[in-house]
Amino acid sequence: MTGLVAPTLLNGTVAAYRWQWQGQPLSVTYETLGTGQSVLLLPAFSTVSTRTEMATLAVQLAPTHQVTVVDWPGFGDSDRLRLAYQPKLYQQFLSDFVSEQFSEPVAVVAAGHAAGYTLALSETLPDAWAKVVLVAPTWRGPLAVMGASERVRRGVRGLVRSRLLGQALYGLNTRPAFLKWMYRRHVFVDEAKLTPDYIAQRYQTTQQAGARYASAAFVTGGLDPVQTRADFLAYFDTLSVPVMVMVGEQAPPASKAEMEAMAALPQVQAVRLPGTLGMAEEYGEAVAKAVLPFLSAAL
């Protein structure tokens with residue numbers, strides 16, 4: 001079920017998708033702009049995740065495509081309820097949203113962790129996608145990449161979710177100075193783009209009521225769609241549509257190794273562009289330039 005809500009910086013039509021998870025109603029925000037062949041844009045999961053990260057790419061595609069951009073449940077302008085955020089929730093959401101919003105296979109551009117959920121859907125809904133583009137794809141959350149054990153990650157997740165200490169711990173890790181450090185380390189290449197206004201906007205995103213729950217799940221690996229590289233690469237074996245993987249040339253070594261493993265697969269069209277984990281946002285125009293011919297090519 002869909003209801004209209006207020007407009008945003010993308011200057012598209014913003015709507016609320018009414019969805020339920022285990023009997024709990026949620027309002028999920030999405031935005032459409034442009035006309036033509038449909039394409040779905042899925043932003044990366046992160047503490048600062050928002051559909052506006054895909055704004056440049058969306059605007060570049062809009063003259064020739066009808067673009068839909070989603071705020072994942074628990075992130076952006078969507079409801080941020082105190083749920084047990086987990087892969088099954090996002091798998092079910094994406095399945096329901098795609099089934100209800102698109103009457104035929106749709107092209108998809110998925111950034112970061114959205115890649116795993118995009119690929120998984122092709123197994124349960126083989127006709128969901130027309131084409132698949134994965135931008136700086138990842139499948140392990142930050143603490144898992146850093147080598148933290150599952151026991152440690154569960155403990156951190158529990159602390160951030162706790163009613164007494166949770167908000168305070170979350171607040172320490174979302175201060176503007178920390179956000180800027182995070183962006184410099186592995187999200188953006190050009191530090192000059194991290195202006196005080198930009199960081200203030202991202203900080204505001206992190207301070208919405210309930211923001212810590214989905215964020216804690218992502219950071220601690222609770223939203224990782226698989227547990228091994230082999231399992232992630234196995235998704236490609238059953239993918240029957242054209243697929244492009246965009247590798248960020250300045251991505252952190254561990255993440256770049258995963259991207260290169262995907263790019264090496266014979267069925268993948270690989271593209272290497274400047275950027276790191278925030279490539280879809282920082283280099284949106286370059287991403288669009290590479291994506292448009294791929295989306296426009298005849299099947």
Side-chain angles (χ1 to χ4, degrees), residues 5-12 14 29-31 33 41-60 62 67 69-72 74-80 111-114 135-136 138 141-143 145-146 156 160 165-220 246 248-252 255-256 273-288:
V5 295
T8 66
L9 296 176
L10 275 71
N11 295 318
V14 183
T29 301
Y30 69 98
E31 189 165 354
L33 60 159
L41 305 187
L42 300 174
F45 292 112
S46 74
T47 300
V48 293
S49 179
T50 167
R51 70 187 186 282
T52 58
E53 296 170 21
M54 311 295 276
T56 299
L57 178 57
V59 169
Q60 294 289 315
V67 182
V69 195
V70 175
D71 274 331
W72 292 102
F75 296 97
D77 290 328
S78 294
D79 281 350
R80 303 190 182 202
H113 246 53
V135 183
T138 60
L143 287 187
V145 173
M146 292 168 61
V156 171
V160 177
L165 296 176
Q167 189 59 40
L169 291 172
Y170 176 76
L172 290 174
N173 287 278
T174 54
R175 297 174 65 183
F178 182 84
L179 293 178
K180 186 172 183 178
W181 174 83
M182 178 188 70
Y183 268 93
R184 284 201 312 261
R185 187 178 183 193
H186 54 237
V187 182
F188 272 22
V189 174
D190 185 0
E191 184 177 344
K193 296 175 181 176
L194 303 176
T195 64
D197 284 347
Y198 180 86
I199 295 299
Q201 290 170 5
R202 290 299 178 262
Y203 174 73
Q204 185 177 14
T205 296
T206 69
Q207 299 307 297
Q208 294 186 35
R212 72 183 191 267
Y213 301 120
S215 174
F218 165 71
V219 170
T220 59
M246 293 190 170
E249 293 175 334
Q250 288 80 33
S255 298
K256 188 174 182 181
L273 294 174
T276 180
L277 301 184
M279 182 170 65
E281 179 179 10
E282 185 180 12
Y283 293 98
E285 291 187 2
V287 170

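Among all heavy-atom pairs drawn from V48 and T205, the shortest one is O-CG2, 4.0 Å. The two residues A209 and R80 have their closest heavy-atom pair at O-CB, 3.6 Å. Scanning both residues, A214 and G74, for their nearest heavy atoms gives CB-O, 3.5 Å. Of all the heavy atoms in L10 and A55, the pair that sits closest is CD1-CB, 3.7 Å. In terms of heavy-atom proximity, E31 sits nearest to G12 at OE2-N, 2.9 Å. Of all non-hydrogen atoms in D77 and R51, the two that sit nearest each other are OD2-NH1, 3.0 Å.
Looking only at distances, a side-chain donor or acceptor of S78 sits under 3.5 Å from a matching main-chain atom of D71. With hydrogens and angles disregarded, no donor-acceptor distance shorter than 3.5 Å links the side chain of E282 to the backbone of G275. In terms of modelled atom types and a separation under 3.5 Å, the side chain of Y170 and the main chain of A216 share no donor-acceptor contact. Under a 3.5 Å cut-off, the side chain of T195 and the backbone N or O of Y198 do form a donor-acceptor pair.
Between P252 and T276 the shortest side-chain heavy-atom distance falls below 4.5 Å. Counting heavy atoms from C-beta outward, V189 and P274 have side chains that stay 4.5 Å or more apart.
With rounding to the nearest 0.5 Å, the separation of OG in S49 from NE2 in H113 is 11.5 Å. The distance from atom OH of Y203 to atom CZ of F178, rounded to the nearest 0.5 Å, is 13.5 Å. The distance from atom CD of Q250 to atom CG of L273, rounded to the nearest 0.5 Å, is 10.0 Å. The line from CH2 of W181 to NE2 of H186 is 7.0 Å long, rounded to the nearest 0.5 Å. Considering CG of L194 and CE of M182, their distance stands at 9.5 Å, rounded to 0.5 Å. Rounded to the nearest 0.5 Å, atoms CD (Q167) and CZ (R212) are 5.0 Å apart.
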Quick one, K180 with R202, criterion side-chain contact (heavy atoms from CB on, under 4.5 Å). Give me CA distance, side-chain angles, the key distance, then yes/no. CA-CA 9 Å; K180 186 172 183 178; R202 290 299 178 262; over 6 Å; no
Steps toward side-chain contact (heavy atoms from CB on, under 4.5 Å) verdict (T138, F45): CA-CA 10 Å; T138 60; F45 292 112; over 6 Å; no
Evaluation steps, side-chain contact (heavy atoms from CB on, under 4.5 Å), between L33 and N11: CA-CA 7 Å; L33 60 159; N11 295 318; over 6 Å; no
Apply ring-ring contact (aromatic ring centres under 6.0 Å, His included) to the pair F218 and F75, showing each step before the final yes or no. CA-CA 11 Å; F218 165 71; F75 296 97; 7.3 Å; no
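Screening V69, V59, V70 for a side chain to side chain contact (heavy atoms under 4.5 Å, CB included) with M54, the sole residue that qualifies is V69.
More than 12 heavy atoms of other residues, nucleotides or ligands shown are found within 6.0 angstrom of CD on Q207. Around atom CZ of R175, no more than 12 heavy atoms belonging to other residues, nucleotides or ligands sit under 6.0 Å away.
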